[in-house]
Protein chains: 2
Amino acid sequence: MHCPCPLTRNHEVNPCANCPVRHWTICHALPNDELAILESFKTGDRVCEADQEIYSQGDDLDELYTVVEGWIYLAKLLEDGRRQISQIALPGDFIGYQANLVRPMDHSAHTLTPVRLCVFPRDKFLDFIREHPELSLRLTWMIANYGELGRDRLLSVGRQTAVERVAHFLLELYYRVRLRDPEPLGSSIKMPLTQEHIGDALGLTSVHVNRMLRELRERKLVQVVDQTLTIIDPDGLADVAGFDEDMMDRLLDGGEGFECRSQRIE
Amino acid sequence: MHCPCPLTRNHEVNPCANCPVRHWTICHALPNDELAILESFKTGDRVCEADQEIYSQGDDLDELYTVVEGWIYLAKLLEDGRRQISQIALPGDFIGYQANLVRPMDHSAHTLTPVRLCVFPRDKFLDFIREHPELSLRLTWMIANYGELGRDRLLSVGRQTAVERVAHFLLELYYRVRLRDPEPLGSSIKMPLTQEHIGDALGLTSVHVNRMLRELRERKLVQVVDQTLTIIDPDGLADVAGFDEDMMDRLLDGGEGFECRSQRIE
DNA sequence: CGTATCATTGACGTCGGTCAATTCGTGTGG
DNA sequence: CCACACGAATTGACCGACGTCAATGATACG
């Protein structure tokens, strides 16, 4: 099974060298002159509309994706329909990966906006990775990173109050977007999420998310209007969110160095 | 900084070939005749008492550990002391790893019982891994697995009721222990956790955990007495916990095959 | 024995959920 | 151009799951 969206194979149109997310994803591990390695491994591109299921919990997926453009949410469902959003995937994120690649997917991926995906064949992936240690380390970096974000969220959902959770969530999103697009034009970003999405990410109902957003607005910390998130008072918000320095550093660490290199220098 | 427990360097005492967790941890990736690779990389063993901090949130750790014996919990703290346990680490688990190995630890590790750790040097770790692709893939498998367990817990904490959470937690623990020690002697395991630990793992108070344990006991599903967990009705419990087949499979997947091999066979 | 830790239980309070009504914006068809 | 439908946001009234506080046992330990 794979995403039903149309696949384009013309790599010429989007050579990896021009890829907008090159440095936010796995490919960052490759120097310019080795980019061809991934370019030849890549299957092609898929373009999906907003509000579409890329894969569903239970699917036997045969691809892996890098998000090139657009927003996606990853979610797990209980049998009666209760939903937990486990991650908001942004450009550069690598999705569809699981510890065991031959098992059915343990979560779903759903587009929030029109999306462009870079597609890799699943069955050859580990063999491919095995031959390229730098890619392997970079992959591990990314997977470990997603694990950390997940546990940050767990702390938030398990031990923070509703206002704190919402504040935390919005700040995290804000910095993740900013990392990818560091234009200093105001402190606003486009955020294509409904209050129900936010609730499903935080273990709250949309009604209560609404109340918390009102509170944050009245306290002049943050504003969400018309799918636009504006951070009015970053410090005040960080305060409510329980964001410490280290959390901030970790969020803004794109794995630049990235560890296998910075480690060498030590 | 490293764990203050005494370090023994006499590898002769515990050669890797006799290691009890050999097949539950990274080392599983190595065939017998290559075990020496890890044996020479290993720093030594550390033995810690119960109720001791192996490393703390904020520490600059210079080691990495495989749990050889004993139980450990990993936790994150908010500034005011609220605590979220993010993982119960059992023999075979690899702890201390983070996406960025040179950053201060984003969580703490605390022993629940006396513990024996297999110690690796942190600063040489990635260089070491880079040279051994099979280890690298196995590491990625483990890290990805921890991520999945974390997101399973997130679903539970975010979207399940208190009874469901407790049921889920106990079942997960039970199967994780059984995977390592598949003796069929009754359906009991030793579980060195207080009700407060369980609460901190599930976003509940110990008082409420107590009430839920009572309910589960009265419903004849499970019993916790004197640090011993007894599963009375596995199916009934799985029902309450919202455990599906796939979840079970995933829990019982030690990465045997493990994917890079089973993938080849496909 | 005195102290400490954990388990257990009851009384009561509150945070966040449920239900429902209203508004608003957008798109769509007549 | 207007009528209508639809989804999302917003708000109020009310409720219940879980937290808080406190008392009581039970067990271990020095």
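These figures come from a predicted structure and were not determined experimentally. Residue numbers begin at 1 in each chain, while the letters A, B, ... track the order of the sequences.
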Problem - For the student: nearest non-hydrogen atoms of A:Lys220 and A:Ile232, plus distance - result: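 Minimum heavy-atom contact is O-CG2, 3.6 Å.
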[X] [atom1] to [N] [atom2]: how many Å, rounded?
| X | N | atom1 | atom2 | value |
| --- | --- | --- | --- | --- |
| B:Gln160 | D:dA17 | CD | P | 16 Å |
| B:Asp51 | C:dT5 | CG | C1' | 11 Å |
| B:Asp226 | C:dT8 | CG | P | 11 Å |
| A:Arg82 | C:dT18 | CZ | P | 10 Å |
| B:Leu112 | C:dC6 | CG | P | 11 Å |
| A:Leu202 | C:dG17 | CG | P | 10 Å |
| A:His208 | D:dA9 | NE2 | P | 16 Å |
| A:Gln227 | D:dG7 | CD | P | 16 Å |

Problem - Qualifying residue for side-chain contact (heavy atoms from CB on, under 4.5 Å) with A:Ile88, from A:Glu172, A:His197, A:Arg176 - result: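 Going through A:Glu172, A:His197, A:Arg176 one by one, the side-chain contact (heavy atoms from CB on, under 4.5 Å) with A:Ile88 is satisfied by A:Arg176 alone.
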Handout entry: Given B:Asp200, B:Thr194, B:Ile198, the one that forms side-chain contact (heavy atoms from CB on, under 4.5 Å) with B:Val209
Key =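 The single option meeting the side-chain contact (heavy atoms from CB on, under 4.5 Å) with B:Val209 is B:Ile198.
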Exercise for the section: Give a yes or no on whether the ring-centroid distance for B:Tyr55 and B:His107 is below 6.0 angstrom. Expected result: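 When the ring centroids of B:Tyr55 and B:His107 are compared, they turn out to be within the sub-6.0 Å range.
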Any idea which of [options] is nearest the [X] side chain?
| X | options | value |
| --- | --- | --- |
| B:Val207 | D:dA8, C:dG17, C:dT9 | C:dT9 |
| B:Arg217 | D:dG19, C:dT8, C:dC19 | C:dT8 |
| A:Gln195 | D:dA9, C:dT18, C:dT9 | D:dA9 |

Determine the contact category for [X]: base if any of its heavy atoms lies under 4.0 Å from a base atom, sugar-phosphate if only primed atoms, P, OP1 or OP2 are that close, otherwise nothing.
| X | answer |
| --- | --- |
| B:Gly203 | sugar-phosphate |
| A:Thr161 | sugar-phosphate |
| B:Leu204 | sugar-phosphate |

Handout entry: Comparing A:Arg211 and A:Glu196 on DNA chain D - which has the more 5′ nearest nucleotide
Key =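 The residue whose closest nucleotide sits nearer the 5' end is A:Glu196.
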Problem - Sidechain N-carboxylate O distance under 4.0 Å for B:Arg82, A:Glu164 - result: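 Looking at B:Arg82 and A:Glu164, the cut-off is met.
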Practice task
Tell whether A:Arg165 reaches the base of C:dG16 with its side chain through a donor-acceptor pair below 3.5 angstrom.
Solution key: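 No, no donor-acceptor pair under 3.5 Å.
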Exercise for the section: Indicate whether OP1 or OP2 belonging to C:dA7 is found under 4.0 Å from a side-chain N or O atom of B:Asn210. Expected result: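 B:Asn210 to C:dA7 OP1/OP2: no side-chain N or O under 4.0 Å.
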Problem - Distance test, side-chain N/O of B:Thr194 to OP1/OP2 of C:dC6, below 4.0 Å - result: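 It does not, given that no N or O in the side chain of B:Thr194 lies less than 4.0 Å from OP1 or OP2 of C:dC6.
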